[in-house]
Amino acid sequence: MHALILVDLQYDFMPGGSLAVPEGDQVVSIANQLMADFDLVVATQDWHPPDHLSFASQHPDREIGEQIELGGLEQILWPDHCVQGTRGAEFHADLNQTSIDKVFPKGTDRLIDSYSGFYDNGHQKSTGLGEYLQEQQVKSVTVLGLATDFCVKWTALDAVKLGFQTRLIQTGCRGVDLSPGDVGRACQEMQQAGVKIIE
Ligand code: VGL
Ligand code: ZN
């Protein structure tokens with residue numbers, strides 16, 4: 001069984017969104033085209049409470065982009081984004097949601113962020129995605145979505161760790177590139193970990 005994992009194809013990561021990824025909307029049609037080639041399609045959804053501690057707005061003396069320590073982990077402070085129940089947290093309307101078998105929300109615990117679609121950043125709690133894929137006898141996964149240098153990267157790295165043969169569709173991903181070169185370095189890191197990058 002081969003699964004397609006769609007990472008965070010939500011309005012806040014699209015141009016015009018609060019954490020916009022340049023050209024983020026361009027990967028939606030690629031996601032739609034690929035769905036038919038897979039036995040199973042799953043999607044992750046960044047799904048934060050309004051007072052999530054990854055939001056700079058929760059730290060009055062801090063600014064967006066600053067790094068703090070949160071629960072013993074390094075945390076970049078983001079603009080408010082993907083707040084549960086808001087339009088920014090919705091999947092792009094063009095995404096063919098009827099072909100998605102199951103959606104996995106993440107980042108729901110105020111106290112810890114979750115870049116990976118499998119676990120929180122402390123690797124303490126599972127979202128259920130890994131267990132679901134194992135139950136469905138999935139052996140290999142293909143990852144695409146937003147953003148290459150955050151949620152896509154950590155999702156792909158965890159997929160490898162869990163023993164899935166893991167591929168990344170590069171044309172189906174876009175990155176934040178907070179520091180220029182981040183996307184390139186993320187791809188290198190994934191490749192070194194055993195992710196097969198498909199162009
Ligand atoms: C993401 C930053 C914060 C992502 C989510 O989807 O890559 N990045 N939350
Ligand atoms: Zn987030």
Side-chain angles (χ1 to χ4, degrees), residues 4-28 30-31 42-59 62-71 73-92 95 100 103-125 127 129 143-159 168-170 172-179 181-187 189-190 195:
L4 179 65
I5 304 179
L6 307 174
V7 179
D8 297 1
L9 297 178
Q10 298 163 262
Y11 278 117
D12 271 340
F13 299 120
M14 306 283 170
S18 66
L19 213 173
V21 177
E23 301 182 346
D25 52 340
Q26 293 187 14
V27 309
V28 174
I30 295 172
V42 297
T44 68
Q45 188 170 28
D46 214 32
W47 193 248
H48 298 306
D51 57 353
H52 195 263
L53 289 176
S54 74
F55 297 169
S57 61
Q58 296 298 306
H59 310 271
R62 303 284 181 174
E63 285 178 38
I64 290 167
E66 268 189 67
Q67 217 173 67
I68 63 160
E69 200 188 291
L70 184 61
L73 301 172
E74 280 185 6
Q75 176 67 52
I76 298 173
L77 293 178
W78 302 107
D80 291 15
H81 65 278
C82 298
V83 172
Q84 297 169 6
T86 64
R87 180 177 186 275
E90 286 174 17
F91 291 123
H92 193 292
L95 184 66
I100 297 175
V103 174
F104 293 86
K106 62 184 179 64
T108 56
D109 180 348
R110 171 176 196 251
L111 303 177
I112 190 162
D113 213 352
S114 184
Y115 293 148
S116 164
F118 290 95
Y119 297 100
D120 62 59
N121 290 1
H123 254 250
Q124 296 301 309
K125 273 194 200 135
T127 61
L129 173 56
V143 182
L144 68 77
L146 307 172
T148 319
D149 37 355
F150 288 95
C151 293
V152 170
K153 179 179 94 171
W154 292 109
T155 299
L157 292 176
D158 275 344
L168 179 109
I169 306 287
Q170 206 164 20
C173 298
R174 293 293 187 280
V176 181
D177 242 359
L178 269 186
S179 310
D182 278 355
V183 168
R185 282 186 290 273
C187 289
E189 208 179 313
M190 287 187 272
V195 177

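Counting convention: from 1, in listed order, for ligands and their atoms alike. Because the structure is a prediction, the values reported are computed rather than measured.
If you look at His81 and Phe55, their ring centroids are closer than 6.0 Å.
For the pair Pro49 and Gln84, the minimum side-chain heavy-atom distance is below 4.5 Å. For the pair Ile76 and Leu178, the minimum side-chain heavy-atom distance is below 4.5 Å.
Under a 3.5 Å cut-off, the side chain of Thr155 and the backbone N or O of Gly117 do form a donor-acceptor pair.
To the nearest 0.5 angstrom, His59 atom NE2 is 6.0 Å from Leu70 atom CG. A distance of 6.5 Å separates CG of Asp109 from NE2 of His52, quoted to the nearest 0.5 Å. A distance of 10.0 Å separates CG of Asp113 from CZ of Phe150, quoted to the nearest 0.5 Å. Between the CG atom of Asp46 and the OG atom of Ser114 there is a distance of 7.5 Å, given to the nearest 0.5 Å.
Protein residues are said to neighbour a ligand when one of their heavy atoms lies under 4.0 Å from it; for ligand 1 these are Asp8, Phe13, Leu19, Asp46, Trp78, His81, Tyr115, Leu146, Ala147, Phe150, Cys151.
Taking both residues in full, the closest heavy atoms of Met190 and Val152 are given as SD-O, 4.4 Å, listed atom of the first, atom of the second, then distance.
Residue-and-atom listing of protein N/O/S atoms under 2.8 Å from the Zn ion (ligand 2), sorted by chain and number: Asp46 OD2, His48 NE2, His81 NE2.
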